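Input: a single structure, listed below in structure tokens.
Numbers for residues simply follow the sequence, beginning at 1. Note that this is a predicted model, so its numbers are computed, not measured.
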Amino acid sequence: MYEILETIQKNYPEQEAEIITKAYYFAKQAHEGQKRASGEEYFIHPCAVAQILIDLGMDCASVTAAFLHDTIEDTYVSEGDIQKEFGDEVLLLVQGVTKLDKIEFKSEEEEQAENFKKIFVSMAKDIRVIIIKLSDRLHNMRSLNFLSHERQQRISKETLDIYAPLAGRLGISQIKCELEDLCLKYLDPEAYEYLATNIHARVEERRKFVDFAVKEIQEILDESNIKGEVFGRPKHFYSIYKKMKRQGKTLDQIYDLTAVRAIVDDIDQCYELLGKIHKKWKPIPGRIKDYIAMPKQNMYQSLHTTVVTDFGQTFEIQIRTKEMHRMAEYGIAAHWKYKENKSVENNFDTRLSWIREVMEWQGGIKDSKEFVESLKGDVYSSEVLVFTPKGEVKSLVKDATPIDFAYSVHTEVGHHCVGAKVNGKMVPLNTTLQVGDVVDIITNKSSKGPSWDWLKIVKSAGAKNKIRQFFRREMHEENIKLGRSMLEQEARNKGYNFSELLNPVSFERLQTKLSVSNEEELYMAVGGGLITVNQVLVKLIDFARKETPKPQPNKNVITHHNSTGDVVVKGMEGLLIRFAGCCNPVPGDKIVGFISRGRGVTVHRADCPNMRNEDPARILEANWSGKAGTDYIVNLEIHAEESASVLQIVSGVCAQLGLFITSVNGRIDTKLRIAIVNMTVKLNTASDLDTLIKKISADKSIIEVFRTVS
């Protein structure tokens, strides 16, 4: 452990070295007597974390915080002690990586999510927090073999899902690659052992080939009077593992186990060398990638090409400048390692813009688990590079749509998006964008804003949360109250208690189907007409039926007649008779009665889907008596041309017939290019239904009208 003191003296000016050394002894005393799971002194851990940061070239405050990062959490040291001894800057870094231990959490999963969100918020204030945390996680992964199998699995999964992708997004490839290999060691030990054994067995063969390739490329450089360095780099296990899984290949079928790198002075030399390599060896189509002209999201730049030698050997060559190589190896840490370089400063600002964007949309997420899941989706997904009409490159998540693109340009462009052109052609808004597409968004300032259906289309967490924030802002408290009131009233009409129907388990089923993240959002959507009352209640009632034990039928039933208005049901005497809200039967429909435990008899259409799997013993014979005096509700679906004024047509016909519309919901199907309206109408007589359908169908813009079960 004392060796690190010499390293500190060599790498930092005298005054800074004194501060770091002071932190070394301060932390050593604080952790005195503590042991790790391996049985070693605990102080080995902060020393190892500090060494990783020194290797990355991090500044004095970062290394100081590395020594102190566990003192508040695991020792008698207080925040005040650190502030007094080392100042506010170091205290802020230590606080950023300290876990939340003063709060009681419902589960370990919730605690992990809350702690990670805290780290991310701290990281937005000072990026050094996440670099310290990544170094901390790297050393913990290096010594994971001393923990239980269960903890190895959990920590490795969390590292692979969150920390390794973050290291990649920040461009720190050294840490990213080692974390991924260590995760593979614990998540799929058989595959890791197979790769380690077989790749090592072929190491001499591979070394000879790399020496050959390096010599050939060096000759090209010498002949072209280009100064440069050429060397081989073995690909890390996890990248080979992913390739084998993705392409369904064995290790023998993976030829580019080693990449050869050429480092030159400037960009012109990069392209010159690429051309001469392609003249010497044949490039494989589709394997030439220009990350210089189109950098990755983490600002990585390089030329990649895979070629085949005259004797059939395939290998990858990466060509980059010295500056690009520094950025590829150290990523955002290069800001401290190469302080004198102005372009490093510019790349630093560009990398931070991504973090600022995440913090902008995360403000709308209250639940930490949702935040972490959203972040994982954005950070870990493959990127798709597309262009604006002016040639600007936009990096989007895999399977992104024009709506994702619109929101990446600007929030208001997303809100007012009404259409999109891809490569000059109009496309539906749910089109999956491909690498190289030129995307042009069509906006309309008079557009009322995004559609709720967009939440099912967009892929990026940023776009989803901007859409949700729009609805939260636009839908006032009145809509929340109205939505809840509508659901409670309709539930009562159907003989249910809404608060009993909506519970944590049923809401979990509901939110996936309706794309709502919490109950408040559900009420807003219902109150604003974005989701119908029946869409919610039918699903909740169906779930309640499946979860409620079926009652045993009474075999000693006395047959009698009971009527309500113009319906007669054979069954048990004294039962309340109601009409089902799911199928809304009207005179002329074949009907049945269904015994609902504690809620009387509900009259359904005989062909109601909800009756298919019910207990036959609970289904009673029912008939229309021919007596008048009851209002009937009917559900209709109308398909019309996209440009049709469907609501105007429908409301006009209903007014003419003296019928009352109880609910209406309209949308545009972007795939079919048609308008779809679902409506519920109260009929006065049985003949009203046929008349209503005929009159609506008479309009030329109407494609079809049909009755539905809600």
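In this structure, Arg142 pairs ionically with Glu178, as a charged nitrogen and a carboxylate oxygen lie closer than 4.0 Å. Between Glu150 and Arg154, no side-chain nitrogen of the basic residue sits less than 4.0 Å from a carboxylate oxygen of the acidic one, so the salt-bridge criterion is not met. The pair Arg128-Glu89 counts as a salt bridge, with a side-chain nitrogen and a carboxylate oxygen less than 4.0 angstrom apart.
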Let me see the working for Tyr76 and Asp81 under side chain to side chain donor-acceptor pair (under 3.5 Å), right down to the final yes or no.
-> CA-CA 10 Å; Tyr76 57 82; Asp81 294 334; over 6 Å; no
For Phe67 and Tyr25, what are the C-alpha separation, side-chain angles and deciding distance, and is it a side chain to side chain contact (heavy atoms under 4.5 Å, CB included)?
-> CA-CA 9 Å; Phe67 280 117; Tyr25 285 108; over 6 Å; no
Could you give me the CA-CA distance, side-chain angles and deciding distance for His325 and Arg261, then say whether side chain to side chain contact (heavy atoms under 4.5 Å, CB included) is met?
-> CA-CA 10 Å; His325 184 60; Arg261 280 187 186 145; 3.8 Å; yes
Would you sort out whether Tyr186 and Asn145 count as a side chain to side chain contact (heavy atoms under 4.5 Å, CB included), showing the intermediate values?
-> CA-CA 9 Å; Tyr186 295 103; Asn145 56 305; 3.5 Å; yes
Taking it one step at a time, do Arg320 and Ile292 satisfy side chain to side chain contact (heavy atoms under 4.5 Å, CB included)?
-> CA-CA 8 Å; Arg320 59 179 73 147; Ile292 293 178; 5.9 Å; no
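Note that CZ of Arg137 and CD1 of Ile52 are 12.5 Å apart. Values are rounded to the nearest 0.5 Å. Atom CD in Gln9 sits 8.0 Å away from atom CD in Glu14 (nearest 0.5 Å). The OG atom of Ser143 lies 9.5 Å from the CD1 atom of Ile44; values are rounded to the nearest 0.5 Å. The CD1 atom of Ile317 lies 4.0 Å from the CD1 atom of Ile217; values are rounded to the nearest 0.5 Å. Atoms CG and NZ, on Leu138 and Lys176 in that order, are 13.5 Å from each other to the nearest 0.5 Å. How far CD1 of Ile240 is from NZ of Lys243: 9.0 Å, rounded to the nearest 0.5 Å.
A pairwise comparison of heavy atoms in Gln318 and Ser302 identifies CB-OG, 4.0 Å as the closest pair. Taking both residues in full, the closest heavy atoms of Val307 and Pro283 are given as CG1-CA, 4.0 Å, listed atom of the first, atom of the second, then distance. When every heavy atom of Ile4 is checked against every heavy atom of Cys47, the shortest pair comes out as CD1-O, 3.3 Å. Here the closest heavy-atom approach between residue Ile19 and residue Phe86 is recorded as O-CE2, 4.0 Å. The two residues Met141 and Ser156 have their closest heavy-atom pair at CE-OG, 3.7 Å. Ala167 approaches Ile175 most closely through the heavy-atom pair CB-CG2, 4.1 Å.
Counting non-hydrogen atoms of neighbouring residues, nucleotides and ligands closer than 6.0 angstrom, the CZ atom of Arg151 reaches no more than 12 such neighbours. By the neighbour-count criterion of 12 heavy atoms within 6.0 Å, atom NZ of Lys245 is sparsely surrounded, having that number or fewer from other residues, nucleotides or ligands. No more than 12 heavy atoms of other residues, nucleotides or ligands shown are found within 6.0 angstrom of NZ on Lys289. Counting non-hydrogen atoms of neighbouring residues, nucleotides and ligands closer than 6.0 angstrom, the CD atom of Gln29 reaches no more than 12 such neighbours.
Lys22 places a side-chain N or O within 3.5 Å of a backbone atom of Glu85 that can act as its donor or acceptor partner. Judged by distance alone, the side chain of Glu216 and the main-chain N or O of Lys280 form no donor-acceptor pair under 3.5 Å. A donor-acceptor pair under 3.5 Å links the side-chain atoms of His69 to the main chain of Ala66, judged by distance alone. One N or O on the side chain of Gln152 and one on the backbone of Leu144 form a donor-acceptor pair closer than 3.5 Å. Side-chain atoms of Ser173 come within 3.5 Å of backbone N or O of Ala328 as a donor-acceptor pair. Of the possible polar contacts, one joining the Gln269 side chain to the Asp265 backbone as a donor-acceptor pair under 3.5 Å is found.
Partner of Asp211 under the side chain to side chain donor-acceptor pair (under 3.5 Å) criterion, chosen from Lys215, Arg207, Lys208: Arg207.
Between Glu41 and Arg36, every side-chain heavy-atom pair lies at or beyond the 4.5 Å cut-off. Side chains of Asn140 and His45 form a contact here, defined as non-hydrogen atoms less than 4.5 Å apart. Considering only heavy atoms from C-beta on, Thr159 stays 4.5 Å or farther from Leu182 through its side chain. Taking the side chain as every heavy atom from C-beta outward, Leu187 and Gln153 approach each other to under 4.5 Å. Inter-residue side-chain proximity for Lys133 and Tyr163 is flagged as met; some heavy-atom pair is nearer than 4.5 Å. Contact check for Ile132 versus Met58: no side-chain heavy atoms found under the 4.5 Å cut-off. At least one side-chain heavy atom of Ser135 sits less than 4.5 Å from a side-chain heavy atom of Leu56. With a 4.5 Å cut-off on side-chain heavy atoms, Val264 and Leu221 count as touching.
If you look at Phe212 and Phe315, their ring centroids are not closer than 6.0 Å. When ring centroids are compared, Phe237 and Tyr192 come within the 6.0 Å threshold.
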